[in-house]
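Written below as structure tokens is the structure these notes are about.
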Amino acid sequence: MKETVNKAYAIAKERYAAIGVDTEKVLEQLQNFHLSMHCWQADDVKGFEVQAGALSGGIQSTGNYPGAARNIDELRADILKAKSLIPGTHRLNLHEIYGDFKGKVVDRDEVTVDYFQSWIDWAKENNTKLDFNSSSFSHPKSGSLTLSNPDESIRKFWVEHTKRCRDIADAMGKAQDDPCIMNVWVHDGCKDVSVNHMLYRETLKKSLDEIFAEDKKNMKDCIEGKVFGIGLESFTVGSHDFYTAYAAKNNKILTIDTGHYHPTEVPADKVSGVLAFVPELMLHVSRPIRWDSDHVTIMDDMTQELFSEIVRANALDRVHYGLDYFDGSINRIGAYVIGSRAAQKCMCKALLEPKETISKYELEGRTFETLALVEECKALPWNAVYDEFCVRNDVPVGEAYMADILKYEKEVTSKR
């Protein structure tokens, strides 16, 4: 297989050189393209809280495929297995509910870095850097409103929780000598008619101002909006307009979750639209089917357009690349690998586009040449470059990874 891949790559290298693209440079860029893999795919967003309840807050994992991780050791093993089948080096994105609580009841306004020290140690041992998220859902005090709740006791509870999460993220960033990216998303909204939109949004702004009041040196804040949540369909406090304005005014990273928009919106077009006003972007790459269903990421038009726009905008160093899907209906390690490789393939195709040549044609008004070259690039042998990337990282090429996953299922996950 290696010899076949090398031959195909040699041909692809020559084809791309003819249009001014250096495939060796693209392979180097791919090596520096680090996904932030989401820990919650391995266990359907259950986490490890002793007092954990059912999923709520607009979050829903569908399917009951056997073999979900049941504890922190199984989760870590599954993540390492998935990482072994994905070329390159990648980060891990943790939610607060995945702390190493060791059987102790710890409420979310009491959490400290002590409950994540084993994650910090594990990450160092496995050449993995960490990102983080506050967790406002699936809690007795989450209800329909958290940071935007007019009930001051509940609002303060979630403010304290999020502050403590920032402390944890800062400690993670310091330990790994690289900023930990911490995302704040709350499901807050109303199921039916509401006349208090302004009250809720003023309250959310107040909470965010309190949370972000203290500067942190080793972490970066990002904020994420949404159209609606399950059970909260009529109104979302933290809408895209709200968070885009807040991020621009307060120099925060804006999170673009590809499942959080209206079906006719194009997330790719938002890249250049908001990067003119915010310092950086965080991506949560998912696949919505009619709603924010969090299907496994594939090489669909939306994802390809998203990564192409990032490359075309010269924004590679201003975007953080997270995955966010939780499909419980298929093999969960397989879901990790399919989605991660799909994101990489989309980036590979985007990097192989002769951007400077096409841009020159467009600026010169040569619309025929522009369209022709964009279209011809779609049929060039980009897959041979990605296969070479896999070979150089000593991971299975093409569909060969399927056998590894099925073996792991037979020997490990099926016995849970």
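Here, residue 1 is the first one in the sequence, and each next residue gets the next number.
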Counting only pairs under 3.5 Å, give me each side-chain donor-acceptor contact of residues 375-387, with atom names and distances, residues two or more places apart or in other chains.
residue : atom : partner : partner atom : Å
E375    : OE2  : K378    : NZ           : 2.5
Y386    : OH   : Q344    : OE1          : 2.8

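Side chains of V159 and K163 form a contact here, defined as non-hydrogen atoms less than 4.5 Å apart. Residues L80 and W122 have side chains in contact (heavy-atom distance under 4.5 Å, counting atoms from C-beta outward). Side-chain contact between I223 and T255: absent, with no pair of heavy atoms (C-beta onward) separated by less than 4.5 Å.
The aromatic ring centroids of H295 and Y325 lie 6.0 Å or more from each other. Y336 has its ring centre less than 6.0 Å from the ring centre of H38.
A donor-acceptor contact shorter than 3.5 Å links the side chain of N71 to the backbone of E74. A donor-acceptor pair is defined here as one N or O able to donate and one able to accept, closer than 3.5 Å; such a pair exists between the side chain of S135 and the backbone of E96. Within the 3.5 Å criterion, the main-chain N or O of L147 finds no donor-acceptor partner in the side chain of R155. Between the side chain of H187 and the backbone N or O of G143, at least one donor-acceptor pair lies under 3.5 Å. In this structure a side-chain-to-backbone donor-acceptor pair under 3.5 Å is missing from R318 to E280.
A parallel orientation is assigned to the rings of H240 and Y261, their planes being inclined by less than 30° (bins at 30° and 60°). Between Y321 and F33, the angle of the ring planes goes over 60°, which puts this pair in the perpendicular group of the 30/60° scheme. The aromatic rings of H197 and F235 sit parallel to each other, their planes meeting at less than 30°, with 60° as the upper class boundary. Between F137 and W185, the ring planes are tilted. Angles from 30° to 60° get that label.
When all heavy atoms of H95 and C39 are compared, the pair lying nearest together is N-SG, 3.9 Å.
Figure legend: K252 and F212 shown as a cation-pi pair, the cationic atom lying under 6.0 angstrom from the six-membered ring centre and within 45 degrees of its axis.
Every side-chain hydrogen bond (donor to acceptor under 3.5 Å, both in side chains) that N314 has, sequence neighbours left out, goes to K355. Under the rule for a side-chain hydrogen bond (donor to acceptor under 3.5 Å, both in side chains), the partners of E388 that lie at least two apart in sequence or sit in another chain are N6, R392.
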